[in-house]
Protein chains: 2
Amino acid sequence: MQQLNVDLGDRSYPIIIGAGLLDRADCFTPYIAGKQVCIVTDDTVAPLYLERLRTTLTGLQVESVVLPTGEAFKNWLTLQQIFDALLSARHDRRTTLIALGGGVIGDMTGFAAACYQRGVNFIQVPTTLLSQVDSSVGGKTGINHPAGKNMLGAFYQPQAVVIDTDSLTTLPRREVSAGLAEIIKYGLIRDLDFLAWLEQRMPALLELDAQAVTEAISRSCRIKAAVVAEDEREGGVRAILNLGHTFGHAIETHQGYGQWLHGEAVGAGMAMALQMSARQQWITAADARRGIQLIAAAGLPTAPPAAMQPDDFIRLMAVDKKVLDGQLRLVLLQQLGHAVVTADYDHAALDATLGQANSQ
Amino acid sequence: MQQLNVDLGDRSYPIIIGAGLLDRADCFTPYIAGKQVCIVTDDTVAPLYLERLRTTLTGLQVESVVLPTGEAFKNWLTLQQIFDALLSARHDRRTTLIALGGGVIGDMTGFAAACYQRGVNFIQVPTTLLSQVDSSVGGKTGINHPAGKNMLGAFYQPQAVVIDTDSLTTLPRREVSAGLAEIIKYGLIRDLDFLAWLEQRMPALLELDAQAVTEAISRSCRIKAAVVAEDEREGGVRAILNLGHTFGHAIETHQGYGQWLHGEAVGAGMAMALQMSARQQWITAADARRGIQLIAAAGLPTAPPAAMQPDDFIRLMAVDKKVLDGQLRLVLLQQLGHAVVTADYDHAALDATLGQANSQ
């Protein structure tokens, strides 16, 4: 069992990583203040892990809410099911919500915790690789709006993140690849050594080799925790964690939530960011190829859907949360292993990237 | 023009009080960071003040959203209208929302600001007496759930509160009384001198005497700001600001939102809290009568609706946000001018208060 810390003053919290943690009460009870707990999960994860976690929490008043699975349900209507359950079981301000599932469950449960009675505690128990290395850490919570992904939400930190690496054994192959997209991201934006390690260990990661996976999760969480500690509310550097996400969100919105996995869209989006960074001559064409090869090696798409036109991107990216005063800022690579957020890019390079994407 | 300060570290902000402030750009522009502004108001206030405020903000990109009037619309569906307007006008993270209206508009606009893109700035411009002295200050925002008032929301502070006392001239008499309920509350919970002043100046306040009203607003805001600075997130003392509100919320929920004004329900609720405090022998019967007389002098009800049974109260109060570990805490008066929050009260006194309420 490893423990990292997200350093945010009085909102600091641990990330606990290990095998079999779902069965260990000592990973949960220190972070539960009252007697009431509400586990929020989805109909994919519930049959696998809900009863195990309930058993671990014996002695507390445990409710559970099982939501429909998928990004398509990451909306207010689904969120209401959490509020309805809390209110009908009369959960008070001292209740603790537990998010048991992937990124959608984590985002929705966190936002529900942020809103319920103006804020109650919650614990992240991410069960997908993507949520373990990314969305469960850092306090971004929220839901989608038909006009854009994660448009409504809160910065709201959990009491703890409990990562049971055993839960990956039930994860579909496609979701493993989606998680690897965010792992690759950390190498690209901040850690060239990690990128090289990933190139070497990609076969082991795809086979869910326990040692490799634990190492990848731990290194990813460490980078994420450091960036979040520098800039909790994304006033500046935190936005580099969105490498590939502006393009990726446009893809997800265009396809309809739930068609492409988030990690798949981010994979294609990072490939676009690499190409555009090369067009700007910030990185070499060889650097871009190297990054794109790693994305492909993880089993991820490296181009957006053929049906998407440049205009679709322009329209959908205009509502990105990184737009300020009408200017779209993009996360690009100044060199491999070093990302920047900037509105100071060559618009011809953007047009070419969007055009080329379409011609693939 | 007077200026008070709500002292909350890096979330501190001014309360600006004066006549004719709606026309003064210098009361607004220092608190607007970007170029985009969205005024949120309702269909009662819009015809009176919207164009004036738009004119004051000339030079900015100003959107406006006009919501239906009243507590019955303080829900997610109405909130969506704000998000839809922001997204279709492509407002970014640097936008500023302005709440132009009463408490419902302030609560909803503040919650919309808390959620939009995980948090944007907002300014409170309360136009009712109640919102000027209470709901606009302190950062409580939210919406109702069918099972309880203000069950969903956020602690989210504005950049400024701008109180134009001229806006009271268009306020219906019934709403003036409702505002006086919260003003009386400050005297009861924390300031015996202010209570005596109110007894003397009540006729002037009911006639909206400018000097008396400004004094009452300023003294009320000062008390509220001090309590909020002590306990922003209602971990303790802030709950005394809810004197009469637990009973009052039960009345509002029972009657259906919008039947009794919030201030009217609080008036009746404070009368019940006074009676119960006297039953506990914490205050004298004469003290209770004195408080109740002042509530009546303000034109407020001093008893709940005749149709409400003790069981209705018990059921509706069980979801109060002050319930902890199944115990309902109440705000009661230990002496006139000094309130406490306590679960340590005589349940027979509560039953008697609820029973007597019904027999009136």
Side-chain angles (χ1 to χ4, degrees), chain A residues 33-36 61 75-77 79-80 82-95 107 110-112 114-120 139-143 145-148 150-156 232-235 239 315 317-329, chain B residues 33-36 61 75-77 79-80 82-95 107 110-112 114-120 139-143 145-148 150-156 232-235 239 315 317-329:
Chain A
K35 296 167 189 164
Q36 298 175 315
Q61 179 198 328
N75 55 37
W76 181 262
L77 209 66
L79 203 66
Q80 286 284 12
I82 306 176
F83 299 136
D84 292 348
L86 290 168
L87 281 162
S88 66
R90 296 191 175 168
H91 278 233
D92 65 39
R93 279 187 175 171
R94 234 179 257 170
T95 189
D107 284 6
F111 189 39
C115 295
Y116 186 64
Q117 300 208 11
R118 298 199 187 93
V120 297
K140 278 198 182 177
T141 72
I143 55 174
H145 183 281
N150 295 327
M151 276 295 148
L152 308 176
F155 286 97
Y156 197 72
E232 183 180 4
R233 296 182 71 89
E234 199 165 308
R315 179 174 47 82
M317 295 192 305
V319 295
D320 189 89
K321 290 193 291 302
K322 285 184 293 303
V323 170
L324 282 186
D325 294 333
Q327 279 232 300
L328 175 64
R329 295 177 306 146
Chain B
K35 295 166 190 165
Q36 298 176 315
Q61 179 197 330
N75 55 36
W76 181 262
L77 209 65
L79 203 66
Q80 285 284 13
I82 306 176
F83 298 136
D84 291 347
L86 290 168
L87 281 163
S88 66
R90 297 192 172 167
H91 278 234
D92 65 38
R93 279 188 174 171
R94 234 179 256 169
T95 189
D107 284 6
F111 189 39
C115 295
Y116 186 64
Q117 301 208 8
R118 299 201 187 92
V120 298
K140 279 198 181 178
T141 72
I143 55 175
H145 182 282
N150 294 328
M151 276 295 148
L152 308 177
F155 287 99
Y156 197 74
E232 183 181 5
R233 295 182 71 89
E234 198 165 310
R315 178 174 47 84
M317 294 192 307
V319 294
D320 188 88
K321 289 192 292 301
K322 284 183 293 303
V323 170
L324 283 184
D325 294 335
Q327 278 232 302
L328 176 64
R329 296 177 306 147

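First the proteins, then the strands, lettered A, B, ... as listed; each starts at 1.
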Out of curiosity, B:I82 CD1 to A:L152 CG, how far, rounded to the nearest 0.5 Å? 11.0 Å
From B:F83 CZ over to A:H145 NE2, what is the distance, rounded to the nearest 0.5 angstrom? 8.0 Å
Residue B:R90 versus chain A: region with a heavy atom under 4.5 Å: side chain
Can you list the residues that meet the side chain to side chain donor-acceptor pair (under 3.5 Å) rule with B:D107, with sequence neighbours excluded? B:K74
Checking heavy atoms, do the side chain of B:I143, its backbone, both or neither come under 4.5 Å from chain A? side chain
Most contacts with chain A, counted as non-hydrogen pairs under 4.5 angstrom, among B:K140, B:K35, B:Q36, B:H91: B:K140
Compare every heavy atom of A:D92 with every heavy atom of B:V323, then report the nearest pair and how far apart it is. O-CB, 2.9 Å
Contact between A:R118 and B:E234 at the side-chain level, heavy atoms closer than 4.5 Å - yes or no? no
Cut-off 4.5 Å, heavy atoms of chain B, and the answer for A:Q117 is both
Set of residues satisfying side chain to side chain donor-acceptor pair (under 3.5 Å) with respect to B:Q80, sequence neighbours excluded: none
Under 4.5 Å to a heavy atom of chain A? For B:T141 that would be backbone
